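Just follow the structure's listing: the first ligand is 1, and inside any ligand the first atom is 1. As the structure is a computational prediction, the values presented were derived from the model and not from experiment.
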Amino acid sequence: MSGGSDYDVVIIGGGPGGYAAALYGASAGLSIALVEDDALGGTCLNRGCIPAKALLQTAEVHRTANHAGDFGIVADGVSTFSADWSKVATRTTGIVDRLVGGLAGLIKRRKVDLVTGRGRLTSSGGVSVDGKELRGKAVIIATGSVPRSIPGFEFDGELIVSSDHSTRSSSLPERVAVIGGGVIGSEFASVYTDVGVQTTLLEALPGGVLPIGPDPELAGILSRALVKRGTKIHAQAMASPPEKSNGGLVLGFETKDGSEKIEVDQVLVATGRRPVTEDMGLTEAGVRVSDKGFIEVDTTTMATTKPGVYAVGDVVDTPGLAHVAYAEAIVAIKAILGENPLPVDYDRVPWVVYTHPEVAWAGYTEAAAKAAGYDVVVHKHKFAGNGRAMIIGDTDGLVKIVAERNGPLLGAHIVGPWASELISESYLAINWQALPEEVGAFIHAHPSLSEAVGETMLALTGRSLHG
Ligand code: NAD
């Protein structure tokens, strides 16, 4: 590409969508500028996925250490382990710094120009950064999203916080209320409960945790596991703005059973995120933005309504997942290269919630498959009978696979140990439109957690070993 442009592609935003576009584009030989006004890596590396999962791992170690006796490990003079949150924060920061540093090195080695500042689209389709204009043959917008607050719960970073604060905090509240039982609310409820914080979770919808997304049976298993460990979960709960008290904050809420008041030290609001698309010159430049602030795109190419301008990641109304942003970045770069990208199949992306137990799924739930008109068969296999699950002392959960009768796999739903890793095989098989007997014929190592997936696939053929 050449002529009248400084770069082949100018990318605004250095989170997963933006940096993936930069790395993939550079590996295809494109000249690239990446505009970022904060730390490279965006929310995911700095305030989201990575630090949150580091905290969940700390919670896992806390659980294991305090149940070491179950494995015959005894310590002289120590009966309980507790979390030193400033040390936990230091460890988390170390992981974040290593990843951000590694990413900066990779960006440099690929000869991507990192431009520091706030990028804005100009009406002529260029990108202005602090008064300087960068011209690209194509522009990709990947400015991500930020936590959405609710009226009366404005973030102050101490008493009323978002995941931005909680992922990087060096202190732990003693009593916390989590508003919203979605992905973020569930993961934090899991961390806090495990490290001994009195945790109350308030979800507006019926059910409990994860009311939208996974198979309700999986969400139910997670809800029960959290309640058993001490999380107080209130469904159909609407909280009123908290009031300061001598001891912290008083939070009133209504459920169908009546009203209640609790005192907490902190309120974590996890009621969703909103795209960052304001004050970027989008509408003026001809990029259409929806009422909810999402950039409208043709998902076969990620092209916006302005020719030459593309958008990927959380600014687009698709699943707000880093790995979806990566995939969209590849689609956009391929489209810019004039190749025919394979669009993301949004109904079949892998979802993972890193709670304890972990919840992961890809493809249709049983109900969604039926609603889409499929004649379905479903099989389940519990981890309770799996040798490896017993060995690691983690038997809560199951694998549930949905297939079309006499047809391909439609969905996989796993709750239990290492569901986050186990989902990959089923994700691949579903997207490959494999038949259960094809997958069931493959061997799974014994003993392994993955046998639970293999057994479920085999059972769908009408015969089984332990299923
Ligand atoms: P979410 O949309 O997943 O969940 C928000 C929840 O809050 C919903 O269940 C909703 O019913 C509830 N809610 C809304 N208003 C409420 C109110 N006033 N009172 C009580 N409940 C209320 O949003 P999130 O958990 O904030 O996550 C935001 C984004 O981050 C999502 O796109 C998610 O995919 C992404 N994320 C993903 C992961 C992961 O993949 N493991 C982890 C963290 C975040």
Inset, instruction - Of the side chain and backbone of Leu202, name the one, both, or neither that has a heavy atom under 4.0 Å from an atom of ligand 1. - result: backbone

Legend entry - side chain to side chain contact (heavy atoms under 4.5 Å, CB included) partner of Val353, the single match among Leu56, Ile184, Val359, Val209: Val359

Legend entry - Side chain, backbone, both or neither: Val183 near ligand 1, heavy atoms under 4.0 Å: both

Inset, instruction - Please report which non-hydrogen protein atom sits nearest to atom 16 (C) of ligand 1, along with the residue it belongs to and the distance in Å to one decimal place. - result: Thr271 CG2, 3.4 Å

Legend entry - Minimum-distance protein heavy atom relative to atom 5 (C) of ligand 1: Ala270 O, 3.6 Å

Legend entry - Polar side-chain atom of Asp70 near backbone of Gly393 as donor-acceptor pair, under 3.5 Å: no

Legend entry - Ile150 contact mode with ligand 1 (heavy-atom cut-off under 4.0 Å): side chain

Legend entry - Nearest protein heavy atom with distance in Å, relative to atom 7 (O) of ligand 1: Gly180 CA, 3.4 Å

Legend entry - Protein heavy-atom partner closest to atom 33 (C) of ligand 1 - residue, atom, separation in Å: Gly320 O, 3.8 Å

Legend entry - Under 4.0 Å to a heavy atom of Tyr354 - the qualifying atoms of ligand 1, by number: 41 (N)

Legend entry - Protein contact of atom 25 (O) of ligand 1 - nearest heavy atom, named by residue and atom, plus distance: Ile184 N, 2.9 Å

Legend entry - 4.0 Å heavy-atom contact, Ala239 with ligand 1: no

Inset, instruction - Answer side chain, backbone, both or neither: which part of Pro319 comes under 4.0 Å from ligand 1, heavy atoms only. - result: neither

Inset, instruction - State the atoms of ligand 1, each with its element, that fall below the 4.0 Å cut-off from a heavy-atom position in Ile179. - result: 19 (N), 20 (C)

